[in-house]
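Index from 1, following the sequence.
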Amino acid sequence: MLSKNFPINDNYKVLLSVKQGSYAETYRVKGNDGKLYFLKLFNYSQLHKSAFDENNNIIEIELIKSNKHSNLVSYKDNGEIIIENKKYAYLVLDFIAGETLSEKIVRERYKSLYDIKSIIIGILEGVKYLHQQTNPIIHNEITLQNVMLDLSQENPIPKIIDFGYAREFHKSSKDYNKEGLNLNFVASECFHNIYSPQSDIFSIGIMFYQLIYNSLPWIVDTSTSKVKQSELEEKFAEERKKKIKFPDITDTIIDFEADIINVLKKALHNDTEVRFSSVDEFIKALKGEIVIDDVDTIQIQKSVKEPVKKKTKYSSVAKGKGFSAIAGMQDLKDQLQVDVIDALRSPEEYEKYGVTIPNGMLLYGPPGCGKTFFAKHFAEEVGFNFMLIKPSTLKSRYVNATQENIAKMFDEAEENAPTIIFIDEMNELVPNRDSDAHEMSKSAVNEMLAQMDRTGEKGIFIIGATNYPHMIDPAILRAGRLDKKFYLSPPDHAARKAMFEMYLKSRPVDFGIDYENLAKLTDNFVAADIELIVNDASRNALKSKGRITMETIENIIKNTKPSVSITELKKYDELRKKLDGDSNPINNKTNERPIIGFKK
């Protein structure tokens, strides 16, 4: 629209047109200082309403003003100009002596993986800067056309340009405008008006693939102009369900590394939970600082069905994440690894050295500290079948029926061995026989004692859980039965922080969540309390159709009391000392045995 030498408010003169878009045109201009610049001219009438902030400023201009990074285009000036009685906005940017990545690969294909990785890492560093702002910025349009190579120095420096679709992460995405975007580079979640840091990672993954293979990972015909935007997005989403092809290009890129395929698969995964969690993780993978597993193999391992055994009353196959799904409790995990897991996984080794295989363990502590949750993931970690038993499923009012149910439970566990039997509320099933327990309950204790003899040799491991360990018959807790006793206290600071991170990981959270502060605010809260807080925050965010914010979580914490009082915790600590003394005569005088589980 502007001819050569056209003056821009007497500060700049147009030299030539560089790029034309649907709502803006870019020119090379010369300033009164004699330097070259880029000038982007915005046609107000062509801008989508989402291009303006609440003060009617153009978002792109406002975002670029604060950019100060070597891998991002730099701001110089902005203003307004009247042309033929129409008002236009303009943005002046520092000149980049070079070409776009798109122009580069048309002219000459990259032959070195090292060079490609250097370019991608530079782009990632620029995006990392954007994502780490107080109000994180999602670029939303990282393509080969929107990265320029600054050739003014010895090594080309990639610089991200064009912030027309960039938005602050916490701003509403209801009016997210995708019109004009190159859908080849747009992450699938963006088709549902959801953009995040992982969306930019996907776009960079597409670029990385294209620079290596000189093609796109998925090909969709976009030439039909009559196809609606929504239909086109559906085509892309459907095409991306197919596996990516990785042609042999070792004759083209001589320093190609096979491991880079795993990096590409992770960057381009449709599931944002599988995709790189951050730009920094992507950078570390490219630098070889972390090893990336093949996501296809991981998916296959998750979907492989193990031989289905006869369906029985209580048992199920334990599948899941094992200890990785548990935040904190590292002391307990470590001790179980040495005392229990290694023995259960390698019974022959232990037998060779005459070391007995443990029969079981007791998890005790205040309500809500994750005893049942831990037991389930313990079974996953070991890879055993898992039987979840409630006393109500075994106890019967009929004479001898409870004993028969206990015997059947152990028969089934042995038939499906290796098996973990988890008995919740253990004190209900095997109460202290010296108490006023009913005679039938005493008979159940006798049956349990008989069945628990040498269960480790039968491939059975018993886990009991209780809030009242002092109410369990002492014979159940002696050596050869529940050999190990572990106290699960309320989580310490590090564990609470890890729990908040774990529970919020897959939810739509706002940037700026201070996990350290959340841990400080929840001293003496048990695991169940923290999960409840996160769930309440999620419900509030769902009602407002927004993201979970730090303010929301803090308000919920202020209105939530720990479910276990300080007085109760003191009673449990005294009970722990007593149990430690009973099972460890050496420590009976000092009671200095450390707490196992969450640190207190």
Quiz item: Taking atom CD of Glu554 and atom CD1 of Ile513, what is their separation to the nearest 0.5 Å?
Solution: 8.5 Å
Quiz item: How long is the span from the CD atom in Gln198 to the OG atom in Ser203, to the nearest 0.5 Å?
Solution: 12.0 Å
Practice problem: Could you tell me which non-hydrogen atom of Pro491 sits nearest to which non-hydrogen atom of Ile530, and how far apart they are? | Solution: CG-CD1, 4.4 Å
Quiz item: Do Glu425 and Asn467 have side-chain atoms, one donor and one acceptor, less than 3.5 Å apart?
Solution: no
Quiz item: Can you list the steps and then say if Lys458 with Thr419 is a side chain to side chain contact (heavy atoms under 4.5 Å, CB included)?
Solution: CA-CA 9 Å; Lys458 301 174 185 177; Thr419 303; over 6 Å; no
Quiz item: What pair of heavy atoms forms the shortest contact from Arg240 to Ala187, and how long is it?
Solution: NH1-C, 3.7 Å
Quiz item: Going by distance alone, is a donor N or O of one side chain under 3.5 Å from an acceptor N or O of the other, for Thr272 and Glu189?
Solution: no
Quiz prompt | ring-ring contact (aromatic ring centres under 6.0 Å, His included) involving Phe282 - partner list, sequence neighbours excluded | solution = Phe276
Practice problem: Decide yes or no for Phe202 and Val186: does some side-chain heavy atom of the first lie under 4.5 Å from some side-chain heavy atom of the second? | Solution: no
Self-check item: Closest contact, heavy atoms only, Ala237 versus Phe191
Solution: N-CE1, 4.1 Å
Quiz prompt | Heavy-atom donor-acceptor pair, Thr393 side chain to Ile389 backbone, under 3.5 Å | solution = no
Exercise. Give, for atom CZ of Phe236 and atom OG of Ser188, the distance between the pair rounded to the nearest 0.5 Å.
Key: 9.5 Å
Quiz item: Hey, is the main chain of Leu482 close enough, under 3.5 Å, to the side chain of Asn359 for a donor-acceptor pair?
Solution: no
Self-check item: side-chain contact (heavy atoms from CB on, under 4.5 Å), paired with Phe410, selected from Met387, Glu415, Met448
Solution: Met448
Exercise. In plain terms, say whether Glu238 and Lys235 are close enough for a salt bridge, that is, a side-chain N and a carboxylate O under 4.0 Å apart.
Key: no
Exercise. Measure the spacing between OH of Tyr468 and OH of Tyr572 and express it to the nearest 0.5 Å.
Key: 5.5 Å
Self-check item: Shortest non-hydrogen separation from Gly464 to Met426 and the atoms involved
Solution: CA-SD, 3.9 Å
Quiz item: Which pair of non-hydrogen atoms, one from Ala444 and one from Leu429, has the smallest distance, and what is that distance?
Solution: CB-O, 4.0 Å
Quiz item: Relative to Phe169, does Arg547 satisfy both conditions: NZ or CZ under 6.0 angstrom from the six-membered ring centre, and within 45 degrees of the ring's axis?
Solution: yes
Exercise. Answer whether the closest heavy-atom distance between the side chains of Lys284 and Glu281 falls below 4.5 Å.
Key: no
Practice problem: Measure the NE2-CG distance between His493 and Leu518 for me, rounded to the nearest 0.5 Å. | Solution: 9.5 Å
Self-check item: Beyond-backbone contact of Asn535 with Arg507, side-chain heavy atoms, under 4.5 angstrom
Solution: yes
Practice problem: Just grab all the salt bridge (Lys or Arg N to Asp or Glu O under 4.0 Å) pairs involving residues 462-477, residues at least two apart or on different chains. | Solution: Arg433-Asp473
Quiz item: Do Arg275 and Asp271 meet the salt-bridge criterion of a basic N to acidic O distance under 4.0 Å?
Solution: no
Practice problem: Would you name the heavy atoms of Ala407 and Glu447 that are closest together and state the gap between them? | Solution: CB-OE2, 3.9 Å
Quiz item: Looking only at atom types and distance, does a side-chain atom of Asp200 sit under 3.5 Å from a main-chain N or O of Ser196, one as donor and one as acceptor?
Solution: no
Quiz prompt | Neighbour count above 12 (heavy atom, 6.0 Å) for Gln133 CD | solution = yes
Quiz item: Any sub-3.5 Å donor-acceptor pair from Thr560's side-chain atoms to Ile556's backbone N or O?
Solution: yes
Quiz item: Is it true that Asp573 and Arg576 make a salt bridge, defined as a side-chain N closer than 4.0 Å to a carboxylate O?
Solution: yes
Exercise. Show your reasoning for whether side chain to side chain contact (heavy atoms under 4.5 Å, CB included) applies to Lys485 and Met361.
Key: CA-CA 6 Å; Lys485 304 176 189 67; Met361 66 181 179; over 6 Å; no
Quiz item: Can you find a heavy atom in the side chain of Val127 that is under 4.5 Å from one in the side chain of Ile204?
Solution: yes
Quiz item: Any chance the side chains of Thr549 and Asp510 put a donor and an acceptor closer than 3.5 Å?
Solution: no
Self-check item: CG on Asn524 to CD1 on Ile566, rounded to 0.5 Å
Solution: 3.5 Å
Quiz item: Is there a side-chain contact between Leu575 and Pro469, using heavy atoms and a 4.5 Å cut-off?
Solution: yes
Self-check item: Intermediate values then yes/no, side chain to side chain contact (heavy atoms under 4.5 Å, CB included), Phe500 and Val534
Solution: CA-CA 7 Å; Phe500 276 112; Val534 173; 3.9 Å; yes
Quiz item: Are any non-hydrogen side-chain atoms of Ile463 and Ile423 less than 4.5 angstrom apart?
Solution: no
Practice problem: Using modelled atom types only, decide if a donor and an acceptor are shared between the side chain of Lys484 and the backbone of Leu362 within a distance under 3.5 Å. | Solution: no
Quiz prompt | Electrostatic pair Asp411-Lys408, nearest N-O below 4.0 angstrom | solution = no
Quiz prompt | Set of residues satisfying side chain to side chain contact (heavy atoms under 4.5 Å, CB included) with respect to Pro562, sequence neighbours excluded | solution = Phe525, Asp529
Quiz item: Passes side chain to side chain contact (heavy atoms under 4.5 Å, CB included), Leu124 versus Leu286? Steps please.
Solution: CA-CA 10 Å; Leu124 287 167; Leu286 289 175; 3.6 Å; yes
Quiz item: Any side-chain heavy atom of Asp293 sitting closer than 4.5 Å to one from Asn262?
Solution: no
Quiz prompt | Arg496 and Asp523 ion-paired at < 4.0 Å | solution = yes
Practice problem: Report the residue from Leu449, Thr455, Val430 that forms a side-chain contact (heavy atoms from CB on, under 4.5 Å) with Arg481. | Solution: Leu449
Quiz item: With a 3.5 Å cut-off and no angle check, do the side chains of Asn427 and Thr466 form a donor-acceptor pair?
Solution: yes
Quiz item: Should Leu477 and Ile472 count as side-chain neighbours, where that means a heavy-atom distance under 4.5 Å?
Solution: yes
